[in-house]
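Numbering of ligands and ligand atoms starts at 1, following listing order. Along the sequence shown, residues are numbered consecutively beginning with 1. Because the structure is predicted, anything quoted here is derived from the model rather than measured.
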Amino acid sequence: MKIIGTGSALPEKVVTNDMLAGFLDTSDEWITTRTGIRTRRLLSHETLRELALKAAQAALQSSGLRPEDIDYLICSNVANSYVSPSLGSIVLGQLGCSCPTFDMNGACAGLVYSLDVADAFLKSRDMKNILIVAAEQPSRFCSWHDRATCVLFGDGASAMVVTQGEGFKDFRLTGDTHTEVMYYKRQMERTPYDRVEEPTEPLVMNGREVFRLAVEACINDVDTLLERNGMTGADVDLFLLHQANMRIIECIREHLGQPKEKFPTNIQKYGNTSSASIGILMDEMSRSGELKDGQTVMLSAFGGGFVTAAALLKWSAIQY
Ligand code: UT7
């Protein structure tokens with residue numbers, strides 16, 4: 001499987017750390033030194049559906065394919081205002097596609113999870129082209145009175161078209177139950193019969209524990225993929241990691257003993273956009289020419305669950 005098109009879309013509204021310090025007990029200094037984040041984009045007058053559509057259209061256009069060429073649409077999304085229909089179903093018709101679609105919730109690892117599923121579909125079914133969209137609005141999971149969570153996230157969407165061909169070499173996915181370290185409970189309707197009180201709650205996160213689990217699990221995934229493929233960190237040109245915290249990326253980089261240039265970031269501008277983050281980074285780097293033909297790339301992401309997903313691939317240049 002290889003990637004033949006990429007796209008991304010971000011909300012217009014730029015929110016700086018100083019803007020947050022205007023109503024929260026926080027500071028630009030704290031947020032920058034603890035996370036690396038300077039600004040984030042937040043949905044204001046747009047909807048997530050619109051962002052998802054924009055990213056998908058850009059990916060489709062760069063792939064050179066027509067909507068009718070897409071055999072499946074996989075949409076990675078943790079939550080949006082529609083529980084049903086799926087975000088994929090909503091985007092599908094507006095794109096002019098009429099293929100099957102489903103939403104996948106692999107938390108922040110959802111894009112790499114989707115790539116793994118797409119790879120399996122392309123190998124086992126009579127399909128040629130799959131569109132993957134990762135669209136997230138984590139800003140709407142947080143309490144905006146909770147300085148420990150709301151400063152971390154940004155909204156955004158990314159998309160890619162994958163097809164049969166040489167590119168992805170290997171995947172490693174993991175899952176484990178650590179509900180208590182990070183969860184968000186949204187509202188369900190009551191019935192006359194339910195007897196289990198489940199209060200809704202904005203995002204609850206044990207930041208330190210997530211940090212620890214993230215570093216440990218990502219290192220494990222990356223080391224496993226390298227070892228399985230007879231490689232070392234030196235054989236990888238770029239590590240495109242989930243953009244959750246600059247210090248997490250730095251811990252992984254230090255473990256691998258590789259130079260900073262191999263770990264590009266855009267968390268400074270966009271914050272943590274959940275499963276959209278790696279796709280936004282890829283799209284920006286592919287369009288700017290920083291991602292070059294033939295480069296060996298490692299993707300690695302982690303998220304609530306606790307789930308992780310990593311992939312090893314050779315990049316093929318895309319003409320935009
Ligand atoms: O996609 C996965 C999403 N989640 C993550 O990736 C989270 C991973 N974890 C992290 O990135 C870090 O743990 C955080 C950035 C969330 C927090 O950094 P930390 O160095 O682990 O800080 P902490 O949670 O231990 O808190 C240290 C202090 C606390 O004050 P006290 O108890 O020492 O007085 C917090 O109340 O920092 C305080 N604090 C803040 N201060 C100013 C927490 N948030 C803020 C804030 N501004 N925004």
Going by heavy-atom distance to atom 9 (N) of ligand 1, choose the closest among Ser275, Gly207, Gly303. Gly207
Please check if the side chain of Thr16 supplies one atom and the backbone of Thr39 the other of a donor-acceptor pair under 3.5 Å. no
Any non-hydrogen protein atom less than 4.0 Å away from atom 14 (C) of ligand 1: no
Geometric cation-pi criterion, Arg208 with Phe211: 6.0 Å, 45°: no
among protein heavy atoms, the one nearest atom 27 (C) of ligand 1 is Arg34 NH1, 3.6 Å
How far is atom 4 (N) of ligand 1 from its nearest protein heavy atom, and which residue and atom name does that atom have? Met205 SD, 3.2 Å
Is there a donor-acceptor pair closer than 3.5 Å between any side-chain N or O of Asp283 and the backbone N or O of Ser8? yes
So which heavy atom in the protein is nearest atom 18 (O) of ligand 1, and how far is it from that ligand atom? Arg247 NH2, 3.5 Å
Which residue holds the protein heavy atom closest to atom 5 (C) of ligand 1, what is that atom called, and what is the gap in Å? Val210 CG1, 3.7 Å
Heavy-atom nearest option to atom 3 (C) of ligand 1, drawn from Asp146, Leu152, Asn272, Leu213: Asn272
Note: ligand 1 atoms sitting under 4.0 Å from heavy atoms of Val151 are 48 (N)
Non-hydrogen protein atom less than 4.0 angstrom from atom 32 (O) of ligand 1: no
Evaluate the criterion side-chain contact (heavy atoms from CB on, under 4.5 Å) for residue pair Ile280 and Thr273; output intermediate values, then yes/no. CA-CA 9 Å; Ile280 295 170; Thr273 56; 3.7 Å; yes
Among protein heavy atoms, which sits nearest to atom 47 (N) of ligand 1, and what does the distance come to when rounded to 0.1 Å? Thr26 OG1, 2.6 Å
To check your reading of the model: name the closest protein heavy atom to atom 6 (O) of ligand 1, its residue, and the distance in Å. Ala244 CB, 3.5 Å
To the nearest 0.5 Å, tell me how far Leu313 CG sits from Gln295 CD. 10.5 Å
Specify whether His242 and Phe302 have parallel, tilted or perpendicular ring planes, treating 30° as the upper limit for parallel and 60° as the lower limit for perpendicular. perpendicular
Of all protein heavy atoms, the one nearest atom 23 (P) of ligand 1 is Arg208 NE, 3.8 Å
For atom 39 (N) of ligand 1, is there a protein heavy atom at a distance under 4.0 Å? yes
I'd like to know if the side chain of Ser277 reaches the main chain of Asn272, judged simply by a donor and an acceptor atom lying under 3.5 Å from each other, with no hydrogens or angles considered. no
Side chain of Asp155, backbone of Leu42: donor and acceptor closer than 3.5 Å? no
Go through ligand 1 atom by atom and flag the ones less than 4.0 Å from a non-hydrogen atom of His242. 1 (O)
Quick check against the 3.5 Å criterion: does Asn229 have a side-chain atom that pairs as donor or acceptor with the backbone of Leu226? no
Specify the closest pair of heavy atoms between Ser62 and Gly5, including all atoms of both residues, with the distance to one decimal. OG-CA, 3.2 Å
For atom 35 (C) of ligand 1, find the nearest protein heavy atom and state the residue, atom name and distance (0.1 Å precision). Arg147 NH2, 3.8 Å
Ligand 1-proximal atoms of Thr35, by part, heavy-atom distance under 4.0 Å: side chain
Any chance you could measure Arg228, atom CZ, to Lys169, atom NZ, to the nearest 0.5 Å? 13.5 Å
Heavy-atom distance from atom 29 (C) of ligand 1 to the protein below 4.0 Å? no
